[in-house]
Every structure is written in C-alpha cells, then in structure tokens.
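Every chain is numbered from 1, with letters handed out A, B, ... down the list of sequences. Every heavy atom of this structure was used, including side-chain atoms; hydrogens, water molecules and symmetry mates were not.
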Amino acid sequence: MKLTGAQIFFECLKAEKVDVIFGLPGGAVIDIYDEMPKHNIRHILVRHEQGATHMADGYARATGRVGVCLVTSGPGATNTVTGIATAYMDSIPIVVFTGQVPTALIGNDAFQEADIVGISRPCTKHNFLVTDVRDLARIIREAFYLARSGRPGPVLVDLPKDVQNAKIDFKYPKKIDLKGYKPTYEAHMGQIKRAYTAIGKAKKPVIYAGGGVIASSAAKELKQFGESIKCPVTTTLMGLGGFPAPHELWLGMLGMHGTFRANMAVATTDLLIAIGARFDDRITGKLDEFAPTAKIIHIDIDPTSISKNVKVDIPIVGDCKDALKKLLRLVKENPISNLKKVRKPWLDQIQKWKETYPLAYEQTDDVIKPQYVVEKLYELSKGKAIITTEVGQNQMWAAQYYHFFEPRTLLTSGGLGTMGYGLPAAIGAQAAFPDRLVLDIAGDGSIQMCIQELTTAVENNLPVKVAILNNQYLGMVRQWQQIFYEKQYCATCLKIAPDFVKLAEAYGALGLRATKPNEVEPVIREAFASPKPVIMDFAVNPEECVYPMVPAGAAMTEMLLV
Amino acid sequence: MRHTLGVLVENQPGVLSRVAGLFSGRSFNIECLTVAETLDPEVSRITLVTTGDEMIMEQIVKQLNKLVSVIKVIDFREVKFVDREMALIKVKAEAATRAEVLRIVDIFRGKVVDVSPTFYTIEVTGDEGKIQAILDLLEQLGIVEVVRTGKVAIARSKKG
Ligand SMILES: Cc1ncc(C[n+]2csc(CCOP(=O)(O)OP(=O)(O)O)c2C)c(N)n1
Ligand SMILES: [Mg+2]
C-alpha cells in the first residue's frame with residue numbers, strides 16, 4: 001500500500017515506540033499535523049519551540065529514551081537551536097523534526113525558509129535533509145539510532161513539504177548501515193588490566209564520574225566498583241545521581257562550586273579514575289595544576305574526549321557500564337589485600353577535610369537563605385523528586401543542597417548553561433512520569449526565559465512545581481561582579497519584575513509566596529499538595545553568594561570558602 | 001608541524017561543509033584541501049594539509065572519525081606516502097626571456113599549455129619542494145598569476 005510522507009512519519013514513530021511529541025505547527029508541517037489525529041500518539045502543544053526542545057530533552061534525561069519534537073520551517077526551526085545546542089553539550093538523545101519549504105523552492109529565499117541543516121550542523125550529532133520520500137523511513141530510523149547509540153546526542157531531520165505529501169510503498173528498514181559510524185562499546189581488556197594494576201598500586205585513588213555513567217545506566221556498577229576498592233567518589237554536575245549522595249565514599253560534586261574535600265582529594269590524588277566525564281574547564285580550572293600528582297585513567301565512549309584537555313595515562317574507549325563490569329570481574333578475581341588498612345589514611349584525610357570545611361550557610365530569623373529553601377525542598381520531598389534547574393546560583397545551590405540518590409533525578413543544563421531550561425524540562429519529565437513530583441529549582445531571571453510554557457503545563461495537566469529563589473538579581477553574574485568587579489552591578493539588577501504569584505494565577509496555575517523563613521515550609525507543603533502546576537516565589541537574601549568558589553582559570557585548590 | 005590527512009567521506013551534499021565546519025569550529029587549521037570522487041562513486045576523498053602539535057593532531061583525527069559522514073581517516077604521519085600537487089603558472093615571456101622560460105620548464109618537466117605573444121602558461125606537477133623551486137626561478141622572470149590545486153596524497157605500496 002502506498003503511504004504519504006506524513007503517514008510514513010507516524011509509522012516510523014510508532015516503530016520507534018514514541019509515545020509523545022512536543023511541538024508547534026506551521027505551514028511547512030501542516031500536512032503532518034493533519035495526519036496526526038489518525039494516530040495514537042500524544043502531542044503536547046508548546047508555546048515556543050525552544051520549550052519543545054527542552055521538553056524533549058527533559059523527557060529524554062528522565063527516561064533514557066529519545067525525546068521528540070516537531071516544528072515548522074524558518075522561525076520554528078531556528079527557535080529550536082538553543083535547545084538543540086543544550087542537548088548536544090550534555091549528550092542527550094533527542095530527534096528534532098523541522099518542516100522545510102518544498103524541495104523546488106530550497107535556496108530561493110522562499111517564505112519561512114531557513115537553512116536549518118546548515119545552522120544546526122555544529123550543534124547536532126548529525127542531521128539530515130530529506131529530499132526524496134524514498135529515503136524518509138531509512139533516515140528516520142538512522143536518526144533515532146544515532147541519537148540514542150554511542151555517545152548520545154540530538155539529531156535533526158528536515159522535512160520539505162513536498163516530501164510529506166509524496167506517496168510510496170512503506171517499509172521500515174530492519175537494518176542500519178552507516179559506514180562511518182561504529183561506536184565502540186566493548187572496553188579493551190588489555191587496557192582494563194593495566195588500569196586495574198594501577199588501581200592496585202594506588203594509595204589515594206579518586207573516582208571522578210560524569211554524565212556518561214548516567215547515559216550508560218552504570219550507576220549500580222559504579223557503586224559496586226567504588227565500594228569494592230574503597231575509593232572515594234566525586235561527580236560532575238552532570239554525574240549527580242550517578243552515585244548515591246549519602247554514602248561514606250561520597251565526596252560531593254567537584255569543580256568551580258564543588259566541595260572542599262572533593263577538590264582537595266583531586267588535587268592530591270595519586271590515581272584519578274575518570275569515568276564518563278570530559279575534563280571540562282569548570283572541573284579542571286587551571287589545566288597545569290589539575291590533579292598534578294595523579295596518574296589518570298579515563299573511560300569514555302567518545303575517543304575525542306580522551307586526552308583532549310588533560311593528557312591521560314591509561315585511556316579506555318568503551319561504554320562505562322561494560323568497562324566497570326570488566327573491572328569488577330578483576331576485583332573479584334584478585335581483590336586488593338588489606339583494603340581497609342591500605343585505605344584508612346586516605347579516608348581519614350578526606351574525613352578531616354569534610355569536617356574542616358563542610359558546605360555551610362547561616363539561617364537567621366528574618367531573611368530567607370536560598371540554601372535553606374533547597375534543604376527544605378529536599379526534606380519535604382524526601383529526596384524523591386525529579387529536580388530540574390535553571391542556570392546560575394539556583395542551579396549550584398540545587399546541586400549542593402539537594403541530595404541525589406538515583407540517576408535521572410537531576411536534569412540540568414550543564415554544558416551550555418541555558419537559562420530557561422528548567423521549566424520546560426520539568427514539563428517533559430512530568431509528561432513521562434505523571435505521578436512523580438517534578439520540581440524546577442529556578443532563578444527569577446531564568447524563569448522568565450521560558451515562562452510561557454506554564455500554559456503548556458496547565459493545559460496538559462502536568463503539575464510541575466517551580467521554586468523561584470528570588471534574589472532580584474541575575475545572581476550568578478552579580479556574584480562575579482560582587483567578588484571580582486568591585487560590586488559594579490552593571491545590568492544584573494532585576495528589581496523590576498512581574499509579580500510571580502499573580503503571573504502564575506494569570507496562567508491558571510497556583511502562585512504562592514514566602515518572604516520570611518517561617519513561611520518557607522508551609523508554602524512548600526501547600527505546593528506539593530496541590531494538583532496544579534505551582535509557582536513558589538521565595539524572597540531570598542539578595543546578595544547571597546555560592547561557596548566554595550574557584551575563580552575562573554585558577555587552580556582548583558584556590559577555593560574561596562566564605 | 002604540517003601533516004597530511006586523507007579522509008574518505010560519503011559522497012553527499014553538505015559533507016564538505018561538515019569537515020570544513022569542524023576545522024573552523026574548533027579552530028584547527030586547513031592549509032589546503034582537495035576533494036574528488038573515488039573509484040566508488042558513493043565515496044569521495046578529501047586530502048588536506050593541516051598543522052598542529054601531537055595533541056592537536058590526535059584531536060583532529062579523532063574528531064574527523066567522529067563525523068558520521070566520514071568513513072575513514074588516513075593519517076599520513078603513520079605511513080609512507082607519495083604526494084603531488086599541480087600548478088598552473090602564467091609567466092611573462094617576452095623576446096628576451098622566452099627561451100629561458102622554456103629551459104626552466106624543460107628542467108622541471110613541465111608543459112606549456114597556453115601561448116600568447118607575451119605570456120606562457122605552464123603546467124607543472126610535483127611535490128611541494130619542486131613546485132616552490134620552479135616558482136622561485138620563474139618569479140625572477142615575472143609571474144603574473146599562479147593557480148595551485150593543493151596536495152593529493154596516496155600511501156606507498158609495501159615493497160616486496
Ligand atoms: C540564555 C542565557 N543567557 C545568559 C546567561 C548568563 N548567565 C548565567 S547565570 C545568569 C543569571 C541567572 O539569573 P537567575 O535566573 O535569577 O539565577 P540566580 O543566579 O540569580 O540564581 C546569567 C545571566 C545564561 N547562562 N544563559
Ligand atoms: Mg536571580
């Protein structure tokens with residue numbers, strides 16, 4: 001039977017088991033939308049295409065499945081770029097379908113034409129322009145495969161209008177043949193053995209894990225491995241949830257706003273075991289002084305991540321889970337003798353660091369501290385919420401004061417640092433998990449960047465909760481001005497702001513406000529009890545700073561601690 | 001250091017811009033680049049010359065391999081190879097110098113491919129050193145224009 005391109009589109013999505021699309025129509029995808037009601041697939045209408053990409057991304061991070069969005073050509077397509085770049089930097093599998101002008105008009109500056117394949121080339125894992133309906137099914141199949149396999153990432157498929165209308169016999173290709181794409185999953189046993197020999201000799205090892213552990217569903221193996229060699233574990237922002245926070249080996253997050261003990265441990269370790277992390281500058285600080293005394297093992301599925309910034313001694317290309325399983329086998333066959341005794345001085349040292357400079361803040365009676373709000377959110381959600389964040393101080397306080405037990409419970413824009421990410425990402429996660437508590441820890445600046453999606457939440461009964469840590473500033477930028485630019489607060493004051501309670505109500509959500517410390521808990525309780533989307537506006541101490549802080553470009557031991 | 005890479009890519013629209021975009025986006029250098037179809041019409045071959053230290057070269061090769069459209073990267077740092085380039089050189093050839101131009105062309109085993117009363121256009125192939133040498137000699141007689149193809153390179157076959 002002959003099917004149109006639009007019909008094929010839905011058949012392919014069914015074959016990929018897609019259950020929800022985040023999108024917004026326009027002329028160049030109207031044929032797909034016209035076909036949509038005939039198919040049993042949920043569509044969530046967004047209010048801005050950036051929102052659609054973050055929702056697909058939030059859905060993907062929360063579930064591990066591929067998130068999907070559908071937008072029109074031209075401005076619809078260009079509006080997705082920030083969301084695509086966000087997913088790209090954090091290796092999140094999404095497939096973005098964009099409408100395109102008919103093939104005959106491409107290149108003619110047609111109405112709502114944009115070269116989105118050209119525009120998105122540097123921020124997608126791969127992208128496609130479908131010029132012939134006969135290629136459509138194969139390309140969609142490849143797009144999903146590319147998005148989710150290897151090091152995951154966003155893939156864009158551009159669909160000219162005539163391709164959506166053309167008819168052919170439909171067959172979903174079973175096999176994929178991409179000559180230039182063969183990710184390495186299997187870690188090389190020789191390298192694993194070399195790594196384990198180094199581990200056996202190490203006195204002060206540290207595991208530094210990143211988002212790769214979550215992408216490869218290796219949290220369980222990471223915990224077993226850490227325990228089996230009694231090795232302290234720190235993670236990046238992207239790795240939070242990859243190792244259970246309340247654990248004797250847990251160091252907290254490392255990096256610019258990492259804990260004192262995590263950064264000190266990395267600065268003095270003799271063996272750094274990097275797993276699914278990429279030595280980003282927010283982690284390494286000054287490169288020459290990063291882990292200066294360490295031998296480095298690096299496990300990563302992406303060879304380009306290895307020895308990109310920091311020269312690695314034992315590179316292991318492969319899936320984190322596979323590598324960890326193999327390491328665990330070696331531990332089992334040949335456990336480290338006297339482990340407890342061998343490790344004691346190192347663990348004692350770490351304990352000392354922990355006691356000297358724990359994460360701390362002071363809560364008085366009159367002004368709400370943002371850290372206090374996050375601690376209360378943690379306490380009252382029993383640590384069971386899916387947390388999304390915006391970007392800035394709110395994000396760092398969420399990372400420091402909410403504790404993550406499980407992978408896929410912190411969804412945050414780590415690599416790109418995209419303000420506006422949190423609310424739509426929360427909506428995407430809530431669409432996947434309607435019964436879970438999904439909570440966006442937000443800033444008063446960032447929340448305004450995708451606030452329109454509150455309507456999407458209301459319309460689709462997705463009761464996300466937003467906690468705005470309202471400091472009346474673009475706080476993180478102000479923090480830099482405060483510390484490094486003599487308090488010249490140029491263009492960071494947000495005193496002129498909407499009334500977030502009224503705004504929530506205008507959108508049909510619930511709005512709540514706390515201005516005193518003793519109002520924090522009742523507001524959170526009321527919000528969590530509400531069946532609606534809620535905005536909680538917490539008036540927090542305006543000039544609070546995130547500590548510890550390593551100034552950009554400084555060595556990781558040069559932490560500002562107050 | 002300068003290095004030559006051979007890159008086999010899918011012969012499809014946009015692939016060259018993926019490769020070029022990779023270099024510009026990561027501020028790697030391209031000194032010269034040539035592209036043409038291979039025996040397999042679905043595959044094109046890019047030869048490019050780039051510069052970088054050990055760590056940068058390793059990144060360039062890995063990043064190229066990471067592109068979905070790239071089938072294979074041949075790193076000529078690791079194999080013996082032959083490379084050639086062609087140049088078309090338009091040089092002044094007036095009565096006093098015509099013979100001298102022809103002598104030089106002859107020595108370099110070049111060819112005169114276009115003749116006018118005052119100019120010769122010369123075709124010459126060779127490795128970089130040879131092209132540079134003939135350019136240096138002809139420069140003194142007055143070069144008007146030079147067009148170079150950029151390098152192509154192929155691995156040497158194993159001997160014996
Ligand atoms: C889209 C975007 N624009 C600008 C920035 C730069 N930036 C980083 S943090 C920040 C301040 C965010 O303010 P707010 O959301 O109120 O968070 P706070 O730091 O106050 O908690 C800005 C402007 C960014 N990360 N993303
Ligand atoms: Mg703020």
Here the gap from K66(B) atom NZ to S305(A) atom OG, rounded to the nearest 0.5 Å, amounts to 6.0 Å

Okay, D302(A) and chain B: the region with an atom under 4.5 Å from a heavy atom over there is side chain

Handout entry: Atom CZ of R134(A): over 12 foreign heavy atoms under 6.0 Å
Key = no

Can you confirm whether more than 12 heavy atoms, excluding those of I154(B), are under 6.0 Å from its CD1 atom?
no

Verify the neighbour count for atom CG of D109(A): are there more than 12 heavy atoms of other residues, nucleotides or ligands below 6.0 Å? no

- Item | Within 6.0 angstrom of H188(A) NE2, more than 12 heavy atoms from elsewhere | no

Chain A shares the most heavy-atom pairs under 4.5 Å, among S17(B), P13(B), G14(B), with S17(B)

The reported gap from CG in L67(B) to CZ in R121(A) (rounded to nearest 0.5 angstrom) is 10.5 Å

Give a yes or no on this: more than 12 heavy atoms of other residues, nucleotides or ligands lie within 6.0 Å of atom NZ of K92(B).
-> no

| task | Return yes when atom CD of E94(B) has more than 12 non-hydrogen atoms of other residues, nucleotides or ligands closer than 6.0 Å, and no otherwise. | result | yes

Under 4.5 Å to a heavy atom of chain B? For N309(A) that would be backbone

Counting N and O atoms only, with roles assigned by atom type, does the side chain of K62(B) sit under 3.5 Å from a partner on the main chain of K308(A), one being a donor and the other an acceptor? no

When the 4.5 angstrom heavy-atom criterion is applied to V68(B) and chain A, the contacting part is both

Okay, I306(A) and chain B: the region with an atom under 4.5 Å from a heavy atom over there is both

Determine whether N65(B) and K182(A) make a side-chain contact, defined as any pair of heavy atoms from C-beta on separated by less than 4.5 Å.
-> no

Cut-off 4.5 Å, heavy atoms of chain B, and the answer for P303(A) is both

Minimal heavy-atom distance between Q63(B) and T304(A), with the atoms involved, is NE2-CB, 3.5 Å

Separation between CD (E58(B)) and NZ (K311(A)), nearest 0.5 Å, reads 5.0 Å

Checklist entry - Does a sphere of radius 6.0 Å around NZ in K151(B) hold more than 12 heavy atoms from other residues, nucleotides or ligands, not counting ones at 6.0 Å or beyond? => result yes

dist T124(A):OG1 -> R18(B):CZ (nearest 0.5 Å) comes out at 6.5 Å

